Amino acid sequence: MEKETLYVHGHNFTEPTGAVSVPIYQSATFKHVGLNESTGFDYSRLQNPTRQAVEHTVAALEGGADAIGYSSGMAAITALMELFSPGGHIVSSEDLYGGAIRFFRNISAKNGLSFSFTDTSDLVAVEKSITQKTKAIFIETPTNPMMIITDIEAICRIAKPRGIWVIVDNTFLTPHFLQPLKLGADIVVHSGTKFLGGHNDTLAGFSVFKDADIAEKARFIAKTIGACLSPFDSWLLLRGIKTLAIRMERAEKNAFAVAEFLQNHKRVNKVFYAGLPSHKGYGILKKQATGFGSMVSFEVDSHETLKKVLKSVKVLSFAESLGGVESLITYPAVQTHADVPELEREKRGINDRLLRISVGIENEKDIIADLKHALE
Ligand SMILES: *Cc1c(COP(=O)(O)O)cnc(C)c1O
């Protein structure tokens, strides 16, 4: 099946009434058929039919052996880190989602894992960061908020011979534009809160595994930790994913228009959008993905302009998060990346003039008119 069809039918769910929409199985527990017999469902922390339907969909989209649904993207990342033992070392993109960095530095480190934060677009730097104890390379691409592109196949060529796992946070592009497992990665994680859910109304997370044995270990961890996706939220994700193709494509089209508008605006110094041929890594993304996504960061001429933009926008909302039908604008230095030390932020360009837009699916004319007015 082609992906657009999988978005709608990938859950592969049937039930006796013929309901076209997968029902919400709002049940914590399930009757046993008899002693040592089960319908396949016993208790909803372990498995729930609605959650299983969305897990099947996400596994099919990424081409994985299995996918696990969690209550948030951070819950998925937390559970993933439980696959590693104390003493393990992980090489990670340095320009990472702020919450993931906070988790690695404050929680994983306390549990005995160590991290090297590296620019994973620099393959030499990645090789240099690898030690005898390295268990995984954790990549986000494009990164948040600088849109840095990492060559996933090249990273896999470094990792594979050393038995190191490659983990890709695929929140920004989703399987509609990028399928890391097909490029050689071992595990994909998602904040389902973003493009998969797509409506800024639900928190969700997924991990997807190429290898069934690793997936089984992860499932044991998931059912034991219990940060599982609820039946209703599973249903919202199923519903969101049905329109993934049309949302991703429309948002991307709008993002191109927004990036072009910003590039030509006198109050804008720099635009970071992976779809601009001038963007570093554009060629790599063109090779490994089928789209560039709809995340656009830009630097304005002064902090005063930044403040004015955030105060003046009307079609765009000044709010955290991304990936929904509504366009959102954020100030990464004080919102998503507040926990990154200031010096490090400055070095990476996350300064007091940088804004990030998650371009939604509104009419591009209205988004641009809103920005134009706000920048004046
Ligand atoms: C939002 C986000 C997360 C965390 O997901 P939550 O659902 O907010 O817990 C992880 N990675 C990326 C790239 C994100 O944008």
Side-chain angles (χ1 to χ4, degrees), residues 54 58 62 67-81 90 92-108 115 117 120 136 138-150 152 167-178 180 185 187-208 222 225 227-230 233-234 236-237 240-241 248 251 255 272 274 285 289 293-297 319-324 326-332 335-340 348 350 356-360:
V54 73
V58 173
E62 292 284 7
I68 304 178
Y70 298 91
S71 52
S72 71
M74 284 316 302
I77 293 173
T78 302
L80 205 54
M81 288 302 126
I90 292 170
S92 162
S93 299
E94 61 178 355
D95 189 45
L96 204 62
Y97 175 69
I101 297 189
R102 180 168 64 222
F103 180 73
F104 291 163
R105 290 214 163 121
N106 297 290
I107 315 282
S108 300
F115 293 82
F117 294 97
T120 50
F138 190 101
I139 306 167
E140 216 176 272
T141 191
T143 57
N144 185 1
M146 304 312 287
M147 313 301 158
I148 296 167
I149 307 302
T150 293
I152 297 173
I167 304 172
V168 180
D169 181 332
N170 199 21
T171 300
F172 270 32
L173 290 183
T174 82
H176 189 61
F177 289 145
L178 180 70
I187 301 170
V188 164
V189 283
H190 275 283
S191 169
T193 311
K194 315 293 168 57
F195 291 98
L196 293 181
H199 294 75
N200 290 319
D201 56 10
T202 318
L203 286 169
F206 294 95
S207 53
V208 193
I225 291 182
C228 48
L229 192 60
S230 77
D233 291 348
S234 298
L236 283 170
L237 264 289
I241 291 170
M248 291 302 288
F272 304 92
L285 195 59
S294 45
M295 299 300 299
V296 180
S297 294
E320 272 173 69
S321 201
L322 58 107
E326 296 90 359
S327 292
L328 304 180
I329 186 163
T330 57
Y331 176 16
Q335 291 191 300
T336 50
H337 290 66
D339 286 329
V340 179
R348 280 161 41 193
I350 309 172
R356 189 198 74 191
I357 302 177
S358 169
V359 183

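Predicted, not measured: the structure shown is a model, and the values here were computed from it. In listed order, ligands and their atoms are each counted from 1. Counting begins at 1 with the first residue of the sequence.
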Proximal ligand 1 atoms for [X], defined as those under 4.0 Å from one of its heavy atoms:
X: Gly73; answer: 5 (O), 6 (P), 7 (O), 9 (O)
X: Leu322; answer: 15 (O)
X: Ala204; answer: 7 (O)
X: Glu140; answer: 13 (C)

Distance from [atom] to nearest protein heavy atom, with residue and atom:
atom: atom 12 (C) of ligand 1; result: Asp169 OD2, 3.4 Å
atom: atom 5 (O) of ligand 1; result: Ser191 OG, 2.9 Å
atom: atom 2 (C) of ligand 1; result: Lys194 NZ, 2.5 Å
atom: atom 7 (O) of ligand 1; result: Thr193 OG1, 2.6 Å
atom: atom 4 (C) of ligand 1; result: Tyr97 CE2, 3.4 Å
atom: atom 9 (O) of ligand 1; result: Met74 N, 2.8 Å

May I ask whether Leu96 places a heavy atom under 4.0 Å from ligand 1?
-> no
Any donor-acceptor pair under 3.5 Å from [X] side chain to [Y] backbone:
X: Asp233; Y: Leu229; answer: no
X: Ser93; Y: Glu140; answer: yes
X: Gln335; Y: Tyr331; answer: yes

In this structure, which one of Thr141, Ile139, Thr143 forms a side-chain contact (heavy atoms from CB on, under 4.5 Å) with Ile148?
-> Thr143
For the side-chain contact (heavy atoms from CB on, under 4.5 Å) test, which of Val58, Asp169, Val208 pairs with Val188?
-> Val208
Gap separating the OG atom of Ser294 from the CE atom of Met248, nearest 0.5 angstrom = 5.5 Å
Close side-chain approach of Ile107 to Met81, heavy-atom, < 4.5 Å | no
Mind checking whether Phe115 and Phe138 have ring centres under 6.0 Å apart?
-> no
